[in-house]
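Just so it is clear, the model here is predicted, and its values are computed rather than measured. By convention in this document, chain letters (A, B, ...) are assigned in the order of the sequence lines, proteins followed by strands, and residues within each chain are numbered from 1.
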There are 2 protein chains.
Amino acid sequence: MEAKNKLRMTKQRQVILEELRKVKTHPTADDMYQMLRKKMPKISLGTVYRNLEILSESGIIQKLDVGGTQKRFDGDITIHSHVRCVDCGRVGDIDVTPKYNLEEEAQKMTDFMIFRHRLEFTGLCPICQHKKKATA
Amino acid sequence: MEAKNKLRMTKQRQVILEELRKVKTHPTADDMYQMLRKKMPKISLGTVYRNLEILSESGIIQKLDVGGTQKRFDGDITIHSHVRCVDCGRVGDIDVTPKYNLEEEAQKMTDFMIFRHRLEFTGLCPICQHKKKATA
DNA sequence: CTATGTGATAGAAATAATTACTAATTACAT
DNA sequence: ATGTAATTAGTAATTATTTCTATCACATAG
């Protein structure tokens, strides 16, 4: 009788979730689409977008906005930060948990009501470091 | 004799820079366009985009990517963080300087070469707080 | 088992933000 | 004053994402 969580676990949704959890690369929606069509050639890009959106709204996965033009997705929902390679856009995980409450600090400085923070790094991934060295 | 910084100070560029430095609202490119056409009706949206890009690449202004679909710009290039209102998208400044070197901490956890960090908050701006209260 | 309602899908079209193109104009060094 | 490369306005193109629509899948009621 109450508002239920009507989430059908369709084949597409299941494969999307499985695939995202399998990789550690923080793929874009289109990356996912390219990966998925190998196992499910008729899957639609719209379906990939819609399901990544639904899954992240349900808190089952994470939608990332780490700069660059495309959103990325992460099957790991534990609290962690990210680094983005300024050259190739590749995104890696970083476990830096600030040792004090950033939200509390921030709240003292503003009349916004602070909910949460997001800490992100920029840098150069191992592959692009290597390329730079080769060119130099 | 050396590679010079060929930055012509055109009327448009100057007005764009002046206007951005005048406001504290972290406008989008289109916000800027709307503001600017009042003083310079024939300015083109493309010109606004290009100049904001050039100015931020030169380090004269800052390009922000605080989530949402549009990039925002900030005439204040001193180191500070931002809050984004989850309801209306408005962006505010926050002066929280972490009390230890986040980059150094992060570098221990990854094989990326860390350059810098970005700390951002999400919350509710004063205006939307008020609206929420009124509706409740 | 068959009907029915509701959510989900594929594929295509639409939208939003940004970037690229082009011919005309302008800033600035000489 | 003049040559020239940078910049402009206006428009077209591109990119990422969302919406639309007809069809399909699945749970439940009869």
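Between the CG atom of B:Leu52 and the C1' atom of C:dA17 there is a distance of 14 Å, given to the nearest Å. Distance, B:Met40 CE to C:dT25 P: 17 Å, rounded to whole Å. What separates CG of A:Leu36 from P of C:dT9 is a distance of 12 Å, to the nearest Å. In this structure, A:Arg37 places its CZ atom 12 Å from P of C:dA10, rounding to the nearest Å. The interatomic distance linking B:Leu45 (CG) with D:dA9 (P) rounds to 11 Å, in whole Å. Between the CG atom of B:Leu7 and the P atom of D:dT8 there is a distance of 10 Å, given to the nearest Å. What separates CZ of B:Arg13 from C1' of D:dT7 is a distance of 7 Å, to the nearest Å. Remark: P of D:dT15 and CG of A:Asp30 are 11 Å apart, rounded to the nearest angstrom.
Ring-plane geometry between B:His80 and B:His26 is classed as tilted, the angle between the planes lying from 30 to 60 degrees on a 0 to 90 degree scale.
Donor-acceptor pairing under 3.5 Å is recorded for the side chains of B:Asp76 and B:Thr78.
For A:Arg8 and C:dT6, a side-chain-to-base donor-acceptor distance below 3.5 Å is present, hydrogens and geometry of angles not being considered.
With distances taken from any side-chain atom of B:Thr10 to the nucleotides C:dA8, D:dT8, D:dT17, the minimum falls on D:dT8. The side chain of B:Gln70 lies closest to C:dT18, out of D:dA9, D:dT17, C:dT18. The side chain of B:Thr47 lies closest to D:dT8, out of C:dT9, D:dT17, D:dT8. The side chain of B:Tyr49 approaches C:dT19 more closely than any other nucleotide in the set C:dT19, C:dT9, D:dG10.
At a threshold of 4.0 Å, the pair A:Glu57-A:Lys63 does not count as salt-bridged, since none of the basic side-chain nitrogens sits closer than that to a carboxylate oxygen. Using a 4.0 Å cut-off between charged nitrogen and carboxylate oxygen, A:Asp87 and A:Lys132 count as a salt-bridge pair.
Nucleic acid contact class of B:Arg50 (heavy atoms, under 4.0 Å, all strands): base. Nucleic acid contact class of B:Glu53 (heavy atoms, under 4.0 Å, all strands): none. Within the nucleic acid shown, B:Asn51 comes within 4.0 Å of sugar-phosphate atoms alone, with no base atom in reach, counting heavy atoms only. As judged by a 4.0 angstrom heavy-atom cut-off over every strand, B:Lys11 is placed among residues making no nucleic acid contact.
Comparing B:Met9 and B:Thr28 along DNA chain C, the residue whose closest nucleotide (by nearest heavy atom) sits nearer the 5' end is B:Thr28.
At least one side-chain nitrogen or oxygen of B:Gln12 sits closer than 4.0 Å to the OP1 or OP2 atom of D:dA9. Considering only side-chain N and O atoms, A:Ser44 lies nowhere under 4.0 angstrom from the phosphate OP1 or OP2 of C:dT9.
At least one side-chain heavy atom of A:Phe121 sits less than 4.5 Å from a side-chain heavy atom of B:Leu102.
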